[in-house]
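What you are looking at is a predicted structure, and each value in this text was computed from that prediction instead of being measured.
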Amino acid sequence: MKAMILAAGKGTRVRPLTYDLPKPMIPILGKPVMAYLIEHLHKYGVTEIMVNVSYLHEKIEEYFGEGHQYDVQIGYSFEGYTTDDGEVVPQPLGSAGGMKKIQEFGGFFDDTTIVLCGDALIDLDIKSALFEHRRKGALASVITKEVPWDKVSSYGVVVADADGRITEFQEKPSQQDAKSNFVSTGIYIFEPEVIDLIPSGQTFDIGSQLFPLLAEKGMPFYAQTRNYNWIDIGSVTDYWETCQSVLMGEVAHLHMPGIQINDGLWVGLNTSIDWEGTTIEGPVYIGSGTRVEAGVHIVGPTWIGHGSHICAGSKVVRSVLFEYTRVLPNVSLNEMIVFKDYSVDRAGEMKHVSETDPDSWANARDRRSKRRTEQSNELTDKRIRA
């Protein structure tokens with residue numbers, strides 16, 4: 001069995017994280033989502049993995065390389081072009097179009113292939129799913145999940161008969177138009193014959209185009225409903241909720257990194273915590289090289305990335321702070337994500353650093369604001385003395 005990870009999208013609903021990161025590189029417990037997928041595939045003996053890339057492709061390729069550290073082989077298919085001026089322009093071909101490009105280039109899909117979206121955490125029993133796929137003689141199988149009816153408009157809806165054979169596929173229908181509340185989880189099992197149906201040289205999508213074509217042709221196309229964890233990072237709000245669940249230990253196969261030094265508190269290497277007046281209520285992770293000053297109050301679930309600086313008297317509640325975040329003195333961050341020059345609250349409202357209080361948070365590597373303040377105070381003192 002082979003695998004393909006879909007990683008070419010821009011992830012617009014997860015901005016600002018995807019301003020600087022391709023969606024599969026979004027970290028959970030400090031590790032990219034895609035790394036968990038690769039480890040899960042390896043667990044089931046799937047070691048040949050193709051990844052279609054486009055937007056910020058170099059970040060994925062530089063991190064994962066050819067897969068040696070995961071004991072797998074990873075190949076990449078870039079979707080885009082370079083202008084005469086040397087500018088690299090991403091131009092995704094759609095999930096199915098990306099598969100066609102790979103097949104026409106080197107014939108990779110010569111065996112049963114599992115296809116995974118690169119932006120979800122899963123613990124699917126791949127061996128069991130493959131067994132059912134083959135038992136039914138399927139050319140294509142979709143792993144599905146039942147969701148509340150008010151959520152169906154966010155997903156591809158699967159309509160199947162009693163035996164699981166798919167008769168219709170609705171791509172993100174309204175709640176009123178949806179004929180089912182079983183949705184595609186972005187996990188598919190394909191036989192090579194399915195790739196032959198994808199037209200060459202054009203953008204083509206699995207959910208909105210390939211699946212309706214399979215259903216229309218009456219091909220052996222089946223849904224599988226399985227009991228497994230599927231955590232989809234579809235939006236910033238989803239990401240915040242996922243981080244909360246993971247930090248709470250609600251996802252069995254994910255474990256807190258670092259060393260546990262207190263009940264509910266894990267730290268990386270060389271952290272500096274001034275315990276005078278400081279209260280930390282777990283679960284909390286404090287990354288390596290992070291400084292926590294006196295009088296700080298941290299309430300979990302909270303993740304604080306490496307190289308950060310939590311200044312005296314500040315309060316951080318149920319938040320995710322990426323690396324090198326400085327929370328300035330006596331500031332309170334409540335249910336926030338802070339990523340470089342942006343902050344996002346639990347409701348998904350995003351603000352650039354220029355739109356926030358300049359005395360709230362900053363880049364922990366940037367000492368200029370402190371120096372300017374000191375210089376300003378020195379000038380004031382000189383004027384007073386004069």
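Under the rule for a side chain to side chain donor-acceptor pair (under 3.5 Å), Glu48 has no partner lying at least two apart in sequence or in another chain. The side chain to side chain donor-acceptor pair (under 3.5 Å) check on Arg134 picks up Thr112, with sequence neighbours excluded. Every residue meeting the salt bridge (charged side-chain N to carboxylate O under 4.0 Å, His left out) condition with Lys31, not counting sequence neighbours, appears here in chain and number order: Glu39.
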Evaluate Lys136 against Arg165 for side-chain contact (heavy atoms from CB on, under 4.5 Å), listing each step before the verdict.
CA-CA 9 Å; Lys136 290 186 173 179; Arg165 188 157 185 153; over 6 Å; no
Please determine whether side-chain contact (heavy atoms from CB on, under 4.5 Å) holds for the pair Phe221 and Val142, giving the CA-CA distance in whole Å, both sets of side-chain angles, and the decisive distance to 0.1 Å.
CA-CA 8 Å; Phe221 178 30; Val142 183; 3.5 Å; yes
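Under 3.5 Å, the side chains of Ser319 and Thr302 contain no donor-acceptor pair of N or O atoms.
Under the 6.0 Å distance and 45° angle rule, Lys100 does not count as a cation-pi partner of Phe204.
Remark: the backbone N or O of Gly65 is paired with a side-chain donor or acceptor of Tyr76 at under 3.5 angstrom. In this structure, the side chain of Ser272 does not engage the main chain of Arg291 through any donor-acceptor pair within 3.5 Å.
To the nearest 0.5 Å, the span separating CD on Gln170 from NZ on Lys179 amounts to 5.5 Å.
Partner of Lys2 under the side-chain hydrogen bond (donor to acceptor under 3.5 Å, both in side chains) criterion, chosen from Thr47, Asp110, Asp111: Asp110.
Between Tyr324 and His309, the ring centre distance reaches or exceeds 6.0 Å.
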